[in-house]
Peer 1: 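Input: one structure, supplied below.
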Amino acid sequence: MNRKPIFAANWKMNKGASETEDFIKSFLSKLQGHDFPCEIVIAPPFISLPKLADLLHTATAGQNAHAIQIAAQNCSQYDAGAYTGEVSVVMLREFFVHFVILGHSERRAIFGETDAIINAKMKKAREANLKPIFCIGETLAEREGGNLERVLRTQVTEGLKGLTEKDMAESVIAYEPVWAIGTGVTATSQQAQDAHAFVRSLVADLYGAETAARIRIQYGGSVKPNNAAELMACPDIDGALIGGAALEPQSFLEIIRNGTIPAAE
Ligand code: 13P
């Protein structure tokens, strides 16, 4: 199955509007002349979405601008109303947002998002035709305790409950081992490949072999220019969800370049 790799920058709580503008101008100029065989996505903080949409979708945007798609880092599971501090999927659509990161381990651990909440957000995102980037991953204690597969199975089964095969065709999964996020410790390519193959088998159990063969599974956790090629060469790894190393245009570009060279050859 030929799956197009997808490289997504998760800026987390970094870059307001002016830093977003600086990044995009620099990144677009670096992209000139390249036609990487992948999708490129940027997920800024909510507050920077209008600026990003403006930069990428105005008439003055360079020809590379449409090579970049926009993601939100979260969305509300509710439609509208008395939910202080929340942002709805309809609001996101106004700013050309196509993807939404859901279930990130920081949302789970710091903001108490349960599998049930994440599942409600997944459904709400799909109602608005947003493409979820559905994040899963185990802590070090869970891995060392021999619970890797149990944890991933629960996250996948509960998080995707009620979603259809069509929803899966529009979704991306991101496997992000919690112990590798922001730590500089990357999963070995073997550890990552094994987990990805297992996640794909879970999708096959739930949705059948064809959906499993089609769905893209990104790796996330300390992806850098110098480890991207090895990780992306693994048969079940279809791109990356990148935090720290996607804050600089040059290193984000190098990850994309190094990560797509094997696929292009
Ligand atoms: P780092 O690339 O900084 O480890 O972050 C990974 C991540 O959490 C992306 O969502």
Side-chain angles (χ1 to χ4, degrees), residues 5-15 19-20 23 27 38-46 48-49 52 68-75 97-113 118 121-122 125 130-140 142-143 151-152 155-156 159 171-189 191-192 195-196 199 216-232 234 237-260:
I6 175 166
F7 291 82
N10 176 9
W11 284 351
K12 309 190 180 185
M13 200 171 73
N14 296 291
K15 297 194 193 294
E19 284 178 281
T20 295
F23 180 104
F27 188 65
C38 67
E39 288 183 53
I40 301 173
V41 178
I42 294 181
F46 285 136
S48 302
L49 285 170
L52 185 57
I68 300 173
Q69 300 177 84
I70 304 176
Q73 295 177 17
N74 188 15
C75 70
V97 172
H98 287 117
F99 290 88
V100 57
I101 298 172
L102 293 173
H104 193 279
S105 65
E106 288 149 18
R107 300 293 322 167
R108 293 176 190 264
I110 304 170
F111 300 100
E113 290 194 10
I118 294 158
K121 292 183 176 198
M122 291 284 292
L130 289 174
K131 300 176 178 186
I133 297 178
F134 171 59
C135 302
I136 53 174
E138 82 290 358
T139 63
L140 191 58
E142 287 164 343
R143 176 176 275 265
V151 168
L152 295 180
Q155 290 176 341
V156 168
S171 300
V172 174
I173 297 177
Y175 169 65
E176 299 203 303
V178 178
W179 46 273
I181 294 177
T183 57
V185 180
T186 322
T188 64
S189 51
Q191 286 173 321
H196 280 233
V199 171
R216 292 175 298 179
I217 308 178
Q218 298 174 300
Y219 171 79
S222 297
V223 176
K224 309 282 180 219
N226 65 6
N227 59 25
E230 188 184 337
L231 286 162
M232 297 309 130
C234 297
I237 301 184
D238 311 309
L241 184 56
I242 306 138
L247 291 172
E248 292 299 326
Q250 185 62 28
S251 67
F252 187 38
L253 185 96
E254 284 177 18
I255 288 171
I256 294 166
R257 190 189 61 205
N258 296 349
T260 52

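Throughout, residue positions are numbered sequentially from 1 according to the sequence presented. Counting starts at 1 for both ligands and their atoms, following the listed order.
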Peer 1: What do we get for Asn10 next to ligand 1 when only non-hydrogen atoms under 4.0 Å count, side chain, backbone, both or neither?
Peer 2: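 The answer is the side chain.
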
Peer 1: In ligand 1, which numbered atoms sit nearer than 4.0 Å to a non-hydrogen atom of Gly182?
Peer 2: 1 (P), 3 (O), 4 (O)

Peer 1: Going by distance only, is there an N or O of Ile181 that falls short of 3.5 Å from an N or O of ligand 1?
Peer 2: no

Peer 1: Could you work out, for atom 7 (C) of ligand 1, the closest of Lys224, Gln218, Glu176 by heavy-atom distance?
Peer 2: Glu176

Peer 1: If the contact criterion is a heavy-atom separation under 4.0 Å, does Gly220 count as touching ligand 1?
Peer 2: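 So Gly220 does not count as touching ligand 1.
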
Peer 1: So which of Lys12, His104, Gln73 gets nearest to atom 5 (O) of ligand 1, if we judge by its closest heavy atom?
Peer 2: Lys12

Peer 1: State which residues pass ring-ring contact (aromatic ring centres under 6.0 Å, His included) with Tyr175; sequence neighbours excluded, sorted by chain then number.
Peer 2: His196

Peer 1: Using heavy atoms and a 4.0 Å limit, tell me yes or no: is Gly221 in contact with ligand 1?
Peer 2: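 It does; at least one heavy atom falls under 4.0 Å.
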
Peer 1: Do the side chain of Asn258 and the main chain of Ala228 share a donor and acceptor less than 3.5 angstrom apart?
Peer 2: no

Peer 1: Considering non-hydrogen atoms only, spot the tightest contact between Phe23 and Pro249 and give its length.
Peer 2: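 Smallest interatomic distance, heavy atoms only, reads CE1-N, 3.4 Å.
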
Peer 1: With nothing but distance in play, are any N or O atoms of Gly243 less than 3.5 Å from an N or O of ligand 1?
Peer 2: yes

Peer 1: Hey, is Ala180 touching ligand 1 through its side chain, its backbone, both or neither, going by heavy atoms under 4.0 Å?
Peer 2: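 The backbone, only.
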
Peer 1: Just by distance, do the side chain of Lys15 and the backbone of Leu247 share a donor-acceptor pair under 3.5 Å?
Peer 2: yes

Peer 1: Not counting sequence neighbours, which residues clear ring-ring contact (aromatic ring centres under 6.0 Å, His included) with Trp179? List them please.
Peer 2: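 By the ring-ring contact (aromatic ring centres under 6.0 Å, His included) rule, Trp179 matches no residue at all.
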
Peer 1: Tell me the closest heavy-atom pair linking Ile133 and Ala174, and the distance in Å.
Peer 2: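 The answer is CG2-CB, 4.0 Å.
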
Peer 1: Which atom pair, heavy atoms only, marks the closest approach of Val223 to Ala245?
Peer 2: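 Scanning both residues, the minimum pair turns out to be O-CB, 3.4 Å.
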
Peer 1: Closest non-hydrogen protein atom to atom 3 (O) of ligand 1, residue and atom name please, with distance?
Peer 2: Gly244 N, 2.8 Å

